[in-house]
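Down below is the structure, laid out as structure tokens.
When a residue number appears, it is its place in the shown sequence, counting from 1.
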Amino acid sequence: MASLLVVAAIGLFVIEAAGQLQDIPSLQAIILFPVVLTTWYAERFVGSLTETGWVPATRRLAATLVGITAAFMIITFEPLIRLIIHSPELWVALVAVNIALGTLTDTRLGEYLRFRELRRSLGNGNTSDILTMRVRNREFIHKYNPSSIMSQFNKGDMKKTLHGLSIPTTATYLIAQDESDFAELRTLMETKEKFAIKPLDGYGGRDILIVRGRDDATDTFLTNRGQLTADEVVAHARNICVGGVGDYGARREALVEGFITPDGMLADRTTGGVPDLRVITLQGFPVMSMVRLPTEESNGTANIHTGAIAVAIDIVTGEASGGYQQTRGTFIESHPDTGADLEFAIPDWDAVLTMASRAAISSGLGFAGVDIVFDESNGPMVLEVNRRPGLGIQNANMDGLLRRLRYAEAHGEPGQFQSAAGRVQRAQRWAIQDWDTVSHSSADSDIRQEVKA
């Protein structure tokens, strides 16, 4: 946003200056600036409607309009304008303040609101345990996921790696990027009635299309976006590829992969969609986890920022206890659509956690979020490995992720525990100790003996 405003302001200044110098009134009557902003926010609003539905999109647009109104009132406040005009050196101070707020502070204003319940639960003395976006980006993504890895990382290559290591994952049907691939997708749709299409560089559930079957009566496909014709399904894949470029300037590609039929343990608690398990890892050590249950509000997706339920999962036992709905900021004990109890346990928990650790290690990402789905026929499978895992998991667990990450950094020593199973065992021991500094000598000795065995 700041970059856009700077570029637009410089461009408009040049246009207006040219209009004054050349005495061209039409150039002096600048309307481009509000047009650019209005167009940009309208485009984002339409995109949000498709991804999240009316309620979250309207809420986000309303917050944006409030921000714009507040900014307009500030920049049209005449005493402030006169002060700046008569004291140009204040511009330097204002720029310095903006730089300081953007780089030196750890918490954004929105995060004070987002984690208000968590902050209240932890108490004023422990609020520094909360992982914020700036700290995540600066101290974990930048440190453990260097650009050399990030620029080469995509879901297609990750899935090939998982297949090569015999780590269960969904089948890859096609990676599409040009017209020949779209023709192949049409052929695929003649034999496959269930599949998913997503951007290789996607995040937050954006642009994901889930095809659940075919309606022969209308010759359409049943999807999470309603009934679509074959042409509309192909158009979705095409829009992913031609809609822009991904990270680091790479052209976008669409991944077509196998359909997940959710296992009854989690599927019975929802009305549709694919529930999943998110495990946050640092150097392969699992530090926090949650199950995400789709809702009608989230349009059947497992993304908590669109209304899915986040259910904390204990790292030691795999047991769940209650849920948190981020869009409403409330804790709940049952699913809002089905009324299903949110207290359950993940079967074969240690094996599932070890699978997540293996996937994280194989990705090369030191800091990752591993998503695992539970298929009716194939059991637990790695859906993807995220290089920028979100922060909402802290609200579900009512605990700060930064505290656990710092502890894992201080005591991890991954070189001594090469196996995923060893790292899982050690992380579980830390969890039993509540991620607190105690005598580690006996605990580490016990784990080494277990790993050797």
Side-chain angles (χ1 to χ4, degrees), residues 1-20 24-117 119 127 130 132-138 203-204 206 243-244 305-307 326-329 388 390-392:
M1 180 62 181
S3 299
L4 175 65
L5 290 176
V6 170
V7 172
I10 292 174
L12 295 173
F13 172 79
V14 171
I15 293 173
E16 184 171 10
Q20 292 179 356
I24 304 176
S26 60
L27 289 182
Q28 298 179 46
I30 294 178
I31 61 171
L32 181 61
F33 188 63
V35 169
V36 169
L37 286 180
T38 303
T39 303
W40 185 41
Y41 283 118
E43 189 274 336
R44 291 190 64 187
F45 177 66
V46 172
S48 296
L49 283 180
T50 304
E51 299 295 338
T52 64
W54 279 98
V55 175
T58 303
R59 187 185 299 122
R60 188 177 297 113
L61 178 61
T64 299
L65 293 177
V66 169
I68 292 175
T69 302
F72 179 78
M73 293 177 66
I74 291 173
I75 65 175
T76 56
F77 185 57
E78 290 191 9
L80 178 62
I81 294 175
R82 287 196 296 269
L83 177 64
I84 296 297
I85 289 176
H86 291 96
S87 306
E89 62 274 8
L90 286 179
W91 279 104
V92 178
L94 290 174
V95 171
V97 169
N98 275 278
I99 292 175
L101 290 175
T103 60
L104 301 180
T105 59
D106 290 336
T107 305
R108 301 185 303 171
L109 178 60
E111 290 173 332
Y112 281 101
L113 300 175
R114 182 182 184 185
F115 299 123
R116 58 185 181 276
E117 293 295 335
R119 296 172 66 86
T127 55
I130 301 173
T132 63
M133 185 176 294
R134 287 173 181 161
V135 174
R136 182 201 67 175
N137 294 344
R138 183 176 65 238
Y203 64 93
R206 292 186 177 275
H305 71 276
T306 63
Q326 180 173 298
T327 54
R328 302 180 186 275
R388 294 189 182 94
L391 307 174

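- No side-chain heavy atom of E111 sits under 4.5 Å from any side-chain heavy atom of I130.
- Once rounded to the nearest 0.5 Å, the distance linking CD1 of I85 with CG of L80 reads 10.0 Å.
- Around CD of E89, the count of heavy atoms belonging to other residues, nucleotides or ligands within 6.0 Å exceeds 12.
- When side chains are defined from C-beta on, V135 counts as touching R138, because their heavy atoms get closer than 4.5 Å.
- The side-chain heavy atoms of T107 and F115, taken from C-beta on, include no pair separated by under 4.5 Å.
- Scanning all heavy atoms of the two residues, the minimum distance from T327 to T306 falls at CG2-C, 3.7 Å.
- R116 places a side-chain N or O within donor-acceptor distance of the main-chain N or O of L113, the cut-off being under 3.5 Å.
- Taking OG1 of T132 as the reference point, atom CG of N137 lies at 8.5 Å (rounded to 0.5 Å).
- Atom CZ of R114 and atom NE2 of H305 lie 10.0 Å apart (nearest 0.5 Å).
- Between the side chain of E117 and the backbone N or O of G329, no donor-acceptor pair lies under 3.5 Å.
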